[in-house]
Each structure stands twice: as structure tokens, then as C-alpha cells.
Amino acid sequence: MEHKIFHDTTTKLVEIEKTKPFNGGTWTDIWNWDISIAVYKGETEDTFKGRAIEAKRGVVIPWMEISSDGDYSLSEMIEECKKYMGKH
């Protein structure tokens, strides 16, 4: 059996507002996502994975491979959260 150890795991708290129509006006609901980004330093290339958890709602977007590290990977995970929120 082989294994990989992902180092340099970072977690950010990201608040995303979801606004819905309500009684002729709008209602805003804030989702608090804990987004984790992990990096595996390979010999020839690095692998990046992300996961998001919204604990209050019991939602977990499981670990998934993402494009790169840094601000772009965080943006990629935020978009995954927004996709989930759009369906629920």
C-alpha cells in the first residue's frame, strides 16, 4: 500500500450571503464555510485538494482535487460552496 501525506494545510473561514425573496422584500441568510486547502509536494508536481464544511447545516463538500494553491484555489472552493448553496 502506498500513501501520500499532504502538508501545508490551511483553513479559512468564508462567509457567503444567500438572499431570497421574503414577504415582498428579501431575507439574507449567512453561511459560514470552513474551507481547507492541502498540498502534497510530489517529486515532479504538486497536488492540491480542497474541502468545505458548513457545520451549522451539517454540510460537507468532501476532499476534491483542485487546480492550484493560493488565492485561485480558495476561489475555486468558494465557487463549489456557492454551487451547493444554489441547489439548497
Side-chain angles (χ1 to χ4, degrees):
M1 279 187 240
E2 293 187 31
H3 67 277
K4 290 182 179 179
I5 298 174
F6 284 74
H7 294 280
D8 303 326
T9 302
T10 59
T11 301
K12 306 277 187 197
L13 172 62
V14 178
E15 290 184 350
I16 303 174
E17 293 183 357
K18 182 177 182 178
T19 304
K20 303 180 200 178
F22 182 74
N23 284 343
T26 59
W27 174 64
T28 301
D29 189 18
I30 296 175
W31 294 49
N32 294 298
W33 291 95
D34 290 318
I35 298 177
S36 297
I37 308 291
V39 183
Y40 171 73
K41 300 285 187 182
E43 289 182 27
T44 57
E45 65 181 40
D46 297 340
T47 303
F48 305 94
K49 290 195 174 189
R51 172 181 72 177
I53 298 171
E54 211 301 349
K56 179 177 149 187
R57 293 170 172 80
V59 176
V60 176
I61 297 174
W63 287 106
M64 56 187 283
E65 195 158 323
I66 52 180
S67 300
S68 65
D69 194 15
D71 290 338
Y72 182 76
S73 61
L74 182 59
S75 296
E76 194 174 342
M77 288 306 300
I78 290 170
E79 288 307 311
E80 289 295 322
C81 295
K82 288 179 179 179
K83 276 196 260 184
Y84 181 90
M85 291 170 63
K87 295 177 185 175
H88 298 88

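- Two different hydrophobic clusters hold Trp33 and Ile53 under the rule that ILVMFWY side chains link at heavy-atom gaps under 4.5 Å.
- Each of Ile35 and Phe6 belongs to its own hydrophobic cluster when Ile, Leu, Val, Met, Phe, Trp and Tyr are linked at side-chain heavy-atom distances under 4.5 angstrom.
- Separating the OG atom in Ser73 from the CE atom in Met77 is a distance of 9.0 Å, to the nearest 0.5 Å.
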### Task
Before giving the answer on side chain to side chain contact (heavy atoms under 4.5 Å, CB included), spell out for Lys56 and Asn32 the whole-Å C-alpha distance, their side-chain angles and the decisive distance to 0.1 Å.
CA-CA 8 Å; Lys56 179 177 149 187; Asn32 294 298; 5.9 Å; no
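- Under the rule for a side chain to side chain donor-acceptor pair (under 3.5 Å), Thr47 has no partner lying at least two apart in sequence or in another chain.
- Put simply, CH2 on Trp63 and CD1 on Ile37 are 7.5 Å apart, with the number rounded to the nearest 0.5 Å.
- Other residues sharing the hydrophobic cluster of Trp27, ordered by chain and number and joined by side-chain separations under 4.5 Å: Phe22.
- Hydrophobic clustering keeps Leu74 apart from Tyr40 (ILVMFWY residues linked when any side-chain heavy atoms are closer than 4.5 Å, directly or through intermediates).
- The salt bridge (charged side-chain N to carboxylate O under 4.0 Å, His left out) contacts involving residues 10-39 comprise Asp29-Arg57, where partners must be two or more places apart or lie in separate chains.
- Residues satisfying the side chain to side chain donor-acceptor pair (under 3.5 Å) criterion with Thr9, sequence neighbours excluded, are absent altogether.
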Show me the donor-acceptor pairs, under 3.5 Å and distance only, between side chains in residues 80-88 and residues at least two apart or in other chains.
residue: Glu80; atom: OE2; partner: Lys83; partner atom: NZ; Å: 3.1
residue: His88; atom: ND1; partner: Tyr84; partner atom: O; Å: 2.9

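- From Arg51, atom CZ reaches atom CE of Met64 across 13.5 Å, with rounding to the nearest 0.5 Å.
- Partners of Thr26 under the side-chain contact (heavy atoms from CB on, under 4.5 Å) rule, at least two apart in sequence or in another chain, are Thr19.
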